[in-house]
Amino acid sequence: MLRHIDAHIHLDKYEPDIQHSMLSELEEYGIQGLVAVSMNLASCQENRELQRRFPRQVFPAYGFHPEQELIAGEELDQLFAWIREHRDGMVAVGEVGLPYYERKQAEAAGRSFELAPYTRLLDRFIALAAELKKPVVLHAVYEDAKIACDLLEKHNVRNAHFHWFKGDEETVRRMAQSGYYVSFTPDIVYEAEIRALAEMYPLDQMMVETDGPWPFEGPFQGRQTHPRMISSVVGEIAGIKGISERAAAETILQNTKRFYQI
Ligand SMILES: [Zn+2]
C-alpha cells in the first residue's frame, strides 16, 4: 500500500465522532499522519489535545488564520505566549498568512480593507518561527505571496510551506528557487491552474493536503473531505510528472517528513 501524510487539515473543525472514526481508519488508507493546523488559540488548544490522545497520528501547528477578523492587545499576546509555552509539541507555526479572499470580498462589496495590520501580524509570526526554529505554514496566494516571500527573506526563514498555493509564474519561480514547499489539494483533479502549477514546481518541494473539512468539487462533490482523498492527489501528480504513483507517493512522503521533522 502507498503511504501518505495529509500535510494540512483543520482536524479540530470536524465533529468529535468524525475525528475519531477518521483517526481510527487512517491506517487502512495508508495515511501515516496529519499536520493539524490551527485557526486561533481555542483551535491550538484543541489540536494539542488531539495530539495528546493520538500522538502517532496528529502533528499540530499553532497560529492564527488570516481570513478572519484580527485580534490585538492582550488577546494576541496570550496567543503568542501560549505558543511559546507549547513549542515542544508543535511541528510548525501555522496557519498564518494574509487575507486574500476576505479582502477581495470586501473590495467587491465596495468596502475598504486595510491589509497593513495583517502584514504586521504575519511579520510577527514569521519572526516567531525564526525564534522557535520551526517551519511556517502559509496561507498567502496570488499577489500576497510576494509579501510573504519578502518577510521570509527579512527573517531568514527558509522552511516555508505555502499551502494550496495559486499565483503567477514569477512568484512560483522565486518560491521554488528559495526552497519553499507547496502543497496540492484534491482540486488538482479538476483545476487547470493547479495542474499547471504541478507541472512547473519541483517534485522534491511538493506535499499533499486536503485542507479538510473544506469541501471539493468535481468527483468529490457532496462528499465529506477525508484524508484518504490525497491518494487521488498523488495519482494526479504522478501522471503530470510522468512517474509511477509509488515513486510520487514515496518522494512526497519523504518531503513531508523532512520538512516537518516527523
Ligand atoms: Zn487551512
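In each ligand, atom 1 is the first atom listed, and ligand 1 is the first ligand listed.
If you look at Glu95 and ask which of its N, O or S atoms sits nearest the Zn ion (ligand 1), the answer is OE1. Summary: OD1 is the N/O/S atom of Asp211 found nearest to the Zn ion (ligand 1).
Between the side chains of His86 and Gln45, no donor N or O sits under 3.5 Å from an acceptor N or O. For the residue pair Glu250 / Gln254, a side-chain donor-acceptor distance below 3.5 Å is found, with atom types taken as modelled. Residues Asn47 and His10 have side chains that never bring a donor and an acceptor to within less than 3.5 angstrom of each other. With no hydrogens or angles considered, a side-chain donor-acceptor pair links His161 and Tyr260 at under 3.5 Å.
Because the distance cut-off is set at 2.8 Å, His10 qualifies as a neighbour of the Zn ion (ligand 1) through one of its N, O or S atoms. Look at His65 and the Zn ion (ligand 1): no N/O/S atom of the residue is under 2.8 Å from the metal.
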